[in-house]
Amino acid sequence: MVQETQLSASNLIWPIFVIEGTGRTETISTMPGVERMSIDLAVTAAERAVELGIGAVAIFPVTPVAKKTERGDEALVAENLICSATRAIRQKCQDRLGIVCDVALDPYTTHGHDGIMIDNTIVNDLTVEVLCKQAVLQAQAGASVIAPSDMMDGRVGAIRTALDQAGFEHVILMSYAAKYASAFYGPFRDAVGSAKNLGGASKKTYQMDPANTDEAIREVALDIQEGADIVMVKPGMPYLDIVRRLHDSFSIPIAVYQVSGEYAMLRFASQASALNEEACVMESMLAFRRAGADAILTYFAPRVAEWLEKG
Ligand code: PBG
């Protein structure tokens, strides 16, 4: 009766990794329990998400190395993995599931960066032009939420305009507004195969400095002004103070991303019997909600939903 914070499956967004082929799965050594899957199996996973009452899936494509280029051209191919997966899931699940598509070039570039690189520098405005086209293609495929994770300046406004002009006024924009240049993304880069391409390079010229909190306020204020519907904080647990500050400063829905490194910590510690997995994961979910997050992106989503069902 007096519990201040509640968690339900509808708060959850489940990030999934999609590969080419049919009937195929691949394990990810740094993320035990998470598998890359071909589109047919992603559709099955999406149906399971609907059954469990999960709010949305977020699709991340694992682009074959042969299709990666300096400019990330595959991002603008209408039949690429993310668009094909979106189309297949939309067809099967209709409007019973949200589909989040990530906008950024890192799954498609040979250097693994989120933007176009010229002379070792990420070129902001040129990248934004490509991101706008990428977003429209994803909306055409059936995305309900477009989520720019690239952290280029001015991309939220530009993408909003591009979507509106293409007739997608109803598509939600969830911006990775306060995305830190974090070391906790390591396992994700293994999962999508961008770690090798990055080769130890950092994204510090466009992602945020972990030392900063006022900057998060500025970034979010800009994104709201530019038309974001939901703003995201990422990573999650090490940045709960940011979630809380944003919640107190703005009246806009907040999403938080419990990233791959956080998943790995909880998972490996549980496998080693150092932690009780269910108890710790559920506690982390409550912590996100308590800090002020509405939506939680987590690789634990289906298991959290099952734990909630079991009660
Ligand atoms: C890249 C992107 C990243 C994640 C989501 N989108 C990694 C990065 O910025 O290098 C990380 C997610 C995770 O670690 O779980 N656009």
Side-chain angles (χ1 to χ4, degrees), residues 12-18 28-36 56-63 68 72 74-75 81-82 100-117 122 124 127-128 130-131 134-135 138 143 145-152 155-156 159 174-210 219 231-239 255-268 281 284 288 295-301:
L12 303 172
I13 300 177
W14 181 16
I16 56 173
F17 298 109
V18 178
I28 304 160
S29 63
T30 50
M31 300 179 76
V34 175
E35 287 180 331
R36 306 183 187 97
V57 290
I59 305 172
F60 291 99
V62 185
T63 309
K68 295 191 185 188
E74 181 69 9
L81 266 174
I82 190 166
V100 180
C101 282
D102 204 75
V103 170
L105 298 183
D106 58 314
Y108 316 98
T109 51
T110 40
H111 45 72
H113 278 290
D114 292 21
I116 292 173
M117 198 162 66
I122 302 297
N124 193 95
T127 301
V128 171
V130 179
L131 299 177
Q134 187 184 19
Q138 293 171 346
V145 181
I146 295 294
S149 72
D150 53 280
M151 289 298 276
M152 298 301 126
R155 93 281 203 211
V156 172
I159 291 173
M174 175 165 76
S175 79
Y176 285 66
K179 178 173 179 181
Y180 285 86
S182 171
F184 287 97
Y185 307 148
F188 174 95
R189 292 176 188 172
D190 295 334
V192 299
S194 69
K196 282 187 297 296
N197 303 77
L198 268 177
S202 91
K203 299 191 175 182
K204 284 186 179 150
T205 63
Y206 46 101
Q207 298 181 350
M208 283 177 48
D209 183 343
E219 289 278 2
V231 293
M232 195 197 299
V233 176
K234 176 184 176 185
M237 278 172 72
Y239 295 85
V256 66
Y257 200 141
Q258 181 173 55
V259 299
S260 55
E262 301 175 66
Y263 173 86
M265 288 198 297
L266 286 162
R267 184 79 184 148
F268 281 115
V281 171
S284 72
F288 292 133
I296 304 167
L297 289 96
T298 177
Y299 302 97
F300 287 112

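Both ligands and their constituent atoms are indexed starting at 1 by order of listing.
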I need the atoms of ligand 1 closer than 4.0 Å to a non-hydrogen atom of [X], numbered in the order shown.
X    : result
Y299 : 12 (C), 13 (C), 15 (O)
A104 : 16 (N)
Y257 : 12 (C), 15 (O)
K179 : 1 (C), 2 (C), 3 (C), 6 (N), 8 (C), 9 (O), 16 (N)

Practice problem: Give the ring-plane orientation class for F17 versus F60, where under 30° counts as parallel, over 60° as perpendicular and anything between as tilted. | Solution: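 If you compare the ring of F17 with that of F60, the planes turn out tilted.
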Quiz prompt | Whether Y257 and Y299 hold their rings parallel, tilted or perpendicular, with breakpoints at 30° and 60° | solution =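 Geometry flag for Y299 against Y257: tilted rings.
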Exercise. Look at the side chain of R36 and the backbone N and O of V62, then say whether any donor-acceptor pair between them is shorter than 3.5 Å.
Key: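 Side chain of R36 to backbone of V62: no pair is present.
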Self-check item: Within reach of ligand 1, part of S260 (heavy-atom separation under 4.0 Å)
Solution: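 The answer is both.
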Practice problem: Pick one of side chain, backbone, both or neither for how D114 approaches ligand 1, counting any non-hydrogen atom pair under 4.0 Å. | Solution: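 For D114, only side-chain atoms sit under 4.0 Å from ligand 1.
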Quiz prompt | The one among F17, Y185, F188 that brings a heavy atom closest to atom 3 (C) of ligand 1 | solution =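 The option holding the nearest heavy atom is F188.
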Please report which non-hydrogen protein atom sits nearest to [atom], along with the residue it belongs to and the distance in Å to one decimal place.
atom                    : result
atom 16 (N) of ligand 1 : S149 OG, 2.7 Å
atom 8 (C) of ligand 1  : K203 NZ, 3.4 Å
atom 1 (C) of ligand 1  : D106 OD2, 2.9 Å
atom 4 (C) of ligand 1  : K234 NZ, 2.6 Å

Quiz item: Is the closest heavy-atom distance from Q207 to ligand 1 below 4.0 Å?
Solution: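 True for this residue.
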Exercise. Any pair with a residue in residues 256-268 that passes salt bridge (charged side-chain N to carboxylate O under 4.0 Å, His left out), sequence neighbours left out, goes on the list, sorted by first then second residue, please.
Key: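 Only R267-E277 qualify under salt bridge (charged side-chain N to carboxylate O under 4.0 Å, His left out).
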Quiz item: Given the rule in the side chain to side chain contact (heavy atoms under 4.5 Å, CB included) test, do Y239 and M208 qualify, once you have shown the distances and angles that lead to the verdict?
Solution: CA-CA 12 Å; Y239 295 85; M208 283 177 48; over 6 Å; no
Self-check item: Test side chain to side chain contact (heavy atoms under 4.5 Å, CB included) applied to Y176 and D102, D150, D114, the passing residue
Solution: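 Exactly one candidate clears the test, D102.
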Side-chain polar contacts of residues 177-184 - donor-acceptor pairs under 3.5 angstrom, sequence neighbours left out - could you list them?
residue, atom, partner, partner atom, Å
K179, NZ, S149, O, 3.0
Y180, OH, N212, O, 2.7
S182, OG, F184, N, 2.9

Quiz item: Can I146 and Q138 be said to form a side chain to side chain contact (heavy atoms under 4.5 Å, CB included), step by step?
Solution: CA-CA 8 Å; I146 295 294; Q138 293 171 346; 3.7 Å; yes
